Every structure is written in C-alpha cells, then in structure tokens.
Peer 1: 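Dumping the structure here so I can ask a few things about it.
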Amino acid sequence: KNEVEQSPQNLTAQEGEFITINCSYSVGISALHWLQQHPGGGIVSLFMLSSGKKKHGRLIATINIQEKHSSLHITASHPRDSAVYICAVRGSQGNLIFGKGTKLSVKP
Amino acid sequence: SQTIHQWPATLVQPVGSPLSLECTVEGTSNPNLYWYRQAAGRGLQLLFYSIGIGQISSEVPQNLSASRPQDRQFILSSKKLLLSDSGFYLCACHFPNTEAFFGQGTRLTVV
C-alpha cells in the first residue's frame, strides 16, 4: 500500500464546476503539500498545511490530522486549471513522499 | 524567495553513455537539497538528499550517484545509463516545515 493515496487518478470537468481532489496518507506527518505540475513537467507549490484550512484565490485546501486526510478544492474551475495535482507529505528525512497525482482536465 | 535552476530540460542519451544533471539554488544558504525521479506511471520518488556540502544520502541503490561540491549546487550523475534510467528528474529545495521549491525538471530518455 502506498503511503500517500490520491483520488481520483483522472478527472474531467466542465468549466465552472466545483472540483475536489482527495489525499489519504498512512504515515505520521509534520506537513502536507499540494503541488501543481504543468504539462511541461514544472512543479509549483500551492499549499503547505499542518492543520485546518488554507485558501488562495479559487483554491482551498483542508486537512484532518486525526483522519489522515486532505482535500484540495477548486471553485469555478477554468481550463487553465488543467494540470496534474499532487499531494505530498514530509518523510522522516525531511523529504517529500508523493502521491501519484490527479490529472485534471477542465473543458470549456 | 528561493529559485532553483535545473538543466537541461530535456535530454536524449544512448544506453551506456554518462549523465550529468546540474541544479543550483539562489536566494538561500545551506539548503536541504533533493533529487527525485518520476518513472512512467508512477509518483515522484526520492533518489538522493543532501543537508550540506559533501553530505549525500541515498534512499535506494541504483545506477546513479549525486554530489554536492558547493553549498548551492547539487549534481546527479551516472557513469553508464540504462534504459530503466529514463524518466523525469526533479531537483528540490525544502527545509523542514517550510514551502518546497522545485527546478523545472529534466525529462531524460535513454535510447
């Protein structure tokens, strides 16, 4: 069993829809990251969470430490949101342990 | 803020040839640096990490090595590439409990 599981693996949405991507992890963590990977491969950090909820523009990330679960929400989705979204948690060496990613495609 | 420069962006190399990928960091000193690899259909996995000059730790045995000759330079190398070395290689910089910063990545195809 992978230490970080994401669902769904693939997601297609119509422009304007509300989107939720889920992440469950099986290890104790100090922080959880949500990352966005563009088609060319470049990765940018969206959020780093250790508790509660964070919001940035149309993106919202939540984490439940007791349930070892986090969600990334996108409100009023747009085609430019199309990307791979990756959940990652901190490992014992300070490294990141990554989920396999969720490929999001938003259709106009 | 921190910036990570990683090159080249794409690389096609024959089996048995050497490899050198370079990563440099700006905007911070004594960073923790990481090399990750993403094979086809899999998530990113840790290859090497370094907490200082000359200090390299490897997560899994493989056909690759890493070096940190300077504080803000991290190099991934191979003496002889294998087909299985193909993948997406990513350099990252992150301190404990801080944001993570990433290079642009290198897509390596071994033919």
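The basis for the numbers below is simple: all heavy atoms, side chains too, and nothing from hydrogens, waters or symmetry mates. Please read these numbers as outputs of a predicted model, since none were measured by experiment. Chain A is the first sequence line, chain B the second, and so forth, proteins listed ahead of strands; every chain is numbered from 1.
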Peer 1: So, taking the atom named SG in C93(B) and the one named CD1 in I4(B), what distance separates them when rounded to the nearest 0.5 Å?
Peer 2: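 The distance works out to 5.0 Å.
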Peer 1: Looking at CZ of F98(A) and CD1 of I86(A), how far apart are the two atoms once the value is rounded to the nearest 0.5 Å?
Peer 2: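 F98(A) atom CZ to I86(A) atom CD1 measures 7.0 Å (nearest 0.5 Å).
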Peer 1: Hey, does the side chain of K53(A) reach the backbone of K55(A) with a donor-acceptor pair shorter than 3.5 angstrom?
Peer 2: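 Looks like no, no N/O pair under 3.5 Å.
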Peer 1: With a 4.5 angstrom heavy-atom cut-off, which part of I51(B) approaches chain A: side chain, backbone, both or neither?
Peer 2: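 Neither part.
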Peer 1: Would you mind checking which part of L44(B) comes under 4.5 Å of any heavy atom in chain A, side chain (CB onward), backbone (N, CA, C, O), both or neither?
Peer 2: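 For L44(B), the contact with chain A is made by backbone and side chain together.
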Peer 1: Please check if the side chain of S82(A) supplies one atom and the backbone of P79(A) the other of a donor-acceptor pair under 3.5 Å.
Peer 2: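 Side chain of S82(A) to backbone of P79(A): a pair is present.
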Peer 1: Please report the interatomic distance CG(L96(A)) to CZ(F102(B)), rounded to the nearest 0.5 Å.
Peer 2: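 Here the interatomic distance stands at 5.5 Å.
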Peer 1: If you measure from CG on L19(B) to CG on L81(B), what distance do you get to the nearest 0.5 Å?
Peer 2: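 Those atoms lie 5.0 Å apart.
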Peer 1: Listing needed: what donor-acceptor pairs below 3.5 Å join chain A with chain B?
Peer 2:
unit_1	atom_1	unit_2	atom_2	d
S30(A)	OG	N97(B)	OD1	3.1
Q37(A)	NE2	Q38(B)	OE1	3.4
S45(A)	OG	E99(B)	OE1	2.8
R90(A)	NH1	H94(B)	ND1	3.0
R90(A)	NH1	F95(B)	O	3.0
R90(A)	NH2	F95(B)	O	3.2
R90(A)	NH2	T98(B)	O	2.4
Q93(A)	O	Y34(B)	OH	3.4
Q93(A)	OE1	Y49(B)	OH	2.6
G94(A)	O	Y34(B)	OH	3.2
G94(A)	O	H94(B)	ND1	3.3
L96(A)	N	Y36(B)	OH	2.8

Peer 1: Can you hop from L59(A) to L32(A) via hydrophobic side chains spaced under 4.5 Å?
Peer 2: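 Yes, same cluster.
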